[in-house]
Each structure stands twice: as C-alpha cells, then as structure tokens.
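Order of appearance sets the numbers: ligands from 1, and atoms from 1 within every ligand.
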Amino acid sequence: MAEQLPSIMFVCLGNICRSPLADGALRHEVARRGLGWRVDSAGIGGWHSGDAPDPRAIEVAARHGVDIAGLRARQVQPADFTRFDLILGMDHDNLAGLHGLAPARHAADVRLALDLVDGRQGQTVADPYYGDAVGFEATWRDAQAIALGVLRHFGVRDFGVCD
Ligand code: 4NP
C-alpha cells in the first residue's frame with residue numbers, strides 16, 4: 001500500500017501575515033521538488049476570513065519569487081486536526097489557541113513552527129502586523145527556515161533553495 005503523503009498546516013492569529021508566508025515558502029519548496037504534499041494555513045481568529053494576505057506579506061514573498069496573492073484566510077476548524085499530520089503554530093498564544101480548538105482525541109502533531117529549525121527551538125515568529133517592511137523581511141526569513149525544517153522533518157535531504 002502506498003504511504004500517505006505528509007500534510008502540514010501553519011497557524012497564526014489572523015492568517016494574513018505569518019502563516020501565509022510559511023505556507024507560501026513550503027508550497028514553493030514542495031512544488032519545485034514535485035513532492036505533492038498538502039500544505040495549508042489558517043488563523044486562530046476568524047476576523048480576516050476570506051481576505052487575501054496582507055499586501056506587505058504578498059510583496060515580500062513576491063520579492064523572493066513566491067506568489068501568495070491567491071491565498072485566502074480562514075479560521076482553524078476541528079476537522080483540521082484529522083486532515084493534517086503536522087500543525088505548526090507561530091507563537092505560544094497560537095499554540096494555546098490550537099489546543100483550545102482541538103477535538104478531545106486527534107492524531108495531529110501540534111507544535112511551535114520554529115521547533116523544527118536547529119537552534120530556534122522554543123522561539124516564536126514575531127508578528128510583523130504592526131511593524132514595517134523590515135519586519136516582513138524577517139518573517140520571510142523565518143518562513144524559509146521553517147519550510148526547510150519541515151522538509152528535513154519528513155526526511156528530505158535536498159536543501160537547495162531558489163533564493
Ligand atoms: P498574523 O498577523 O497573525 O501573522 O496574520 C496578524 C494579523 C492581523 C491581526 C493581528 C495579527 N489583527 O489584529 O487583525
């Protein structure tokens with residue numbers, strides 16, 4: 001029987017800044033390796049449901065060759081905990097929110113996104129929403145490091161990046 005492909009969901013508060021960048025960075029790395037993994041993102045809150053990513057997030061991703069303009073925000077659903085193997089929160093509040101939204105029994109591995117990055121365990125991805133373009137560039141770098149950490153987590157050994 002064929003093994004099921006990994007499925008990964010990134011979670012932040014609004015699903016318009018941090019998690020769409022991590023989603024875009026990993027989708028890009030997955031697509032260019034032809035891996036076919038399921039990658040998605042969602043927010044703890046639903047205030048931005050249906051919205052495109054923040055224009056500053058779209059811009060920083062585009063600067064690095066990744067198009068996230070087509071993503072749309074949505075809120076985390078209980079069904080996500082069975083649809084995804086790995087659910088990665090951007091900060092400790094997101095992690096607490098995830099535990100609050102999770103069904104009593106589920107098999108998903110829920111943890112901090114930066115726990116998959118060497119030397120960054122326990123750290124949070126800073127929220128760039130109230131900052132400037134410099135903050136979004138830092139978020140992109142974290143998103144890229146997380147994407148590579150996810151590849152390594154699932155045993156991918158080819159770490160070449162486009163940019
Ligand atoms: P995100 O950033 O959680 O990285 O998407 C935020 C987006 C929106 C808000 C806060 C954080 N907000 O308060 O609307």
Donor-acceptor under 3.5 Å ([X] side chain, [Y] main chain):
X	Y	value
R56	Y129	yes
Q123	Q121	no
Q77	Q75	yes
D80	V76	no

Please report the closest heavy-atom contact between V11 and N94, naming both atoms and the distance.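 Smallest heavy-atom distance, with atoms named: O-OD1, 3.4 Å.
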
Among all protein heavy atoms, pick the one closest to atom 2 (O) of ligand 1 and tell me residue, atom and distance.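 Scanning the protein heavy atoms, the shortest distance from atom 2 (O) of ligand 1 goes to D127 OD1, 3.2 Å.
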
Are any of the N or O atoms of P128 closer than 3.5 Å to those of ligand 1?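 Not met; the criterion fails.
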
Mind checking whether H48 has an N or O less than 3.5 Å away from an N or O of ligand 1?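 Checking ligand 1 against H48, an N or O pair does fall under 3.5 Å apart.
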
[X] neighbourhood, listing ligand 1 atoms whose heavy-atom distance to it stays under 4.0 Å:
X	result
C12	1 (P), 3 (O), 4 (O), 5 (O)
C17	1 (P), 2 (O), 4 (O), 5 (O)
Y130	13 (O)
G14	1 (P), 3 (O), 5 (O)
I16	5 (O), 7 (C), 8 (C)
L13	3 (O), 10 (C)

M90 near ligand 1, heavy-atom distance under 4.0 Å?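 It does not, in that no heavy atom of M90 comes within the 4.0 Å cut-off of ligand 1.
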
Flag for N15-S19: side-chain donor and acceptor within less than 3.5 Å: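 Side chains of S19 and N15: pair found under 3.5 Å.
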
Of the choices Y129, F10, F136, which has the non-hydrogen atom that lies closest to atom 12 (N) of ligand 1?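 Closest candidate by heavy-atom distance is Y129.
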
Between R38 and D40, does any side-chain N to carboxylate O distance fall below 4.0 Å?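 No.
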
Decide side-chain contact (heavy atoms from CB on, under 4.5 Å) for L98 and F81; before the verdict, give the C-alpha distance in whole Å, the side-chain angles of both, and the deciding distance to 0.1 Å. CA-CA 9 Å; L98 278 165; F81 293 85; 3.8 Å; yes

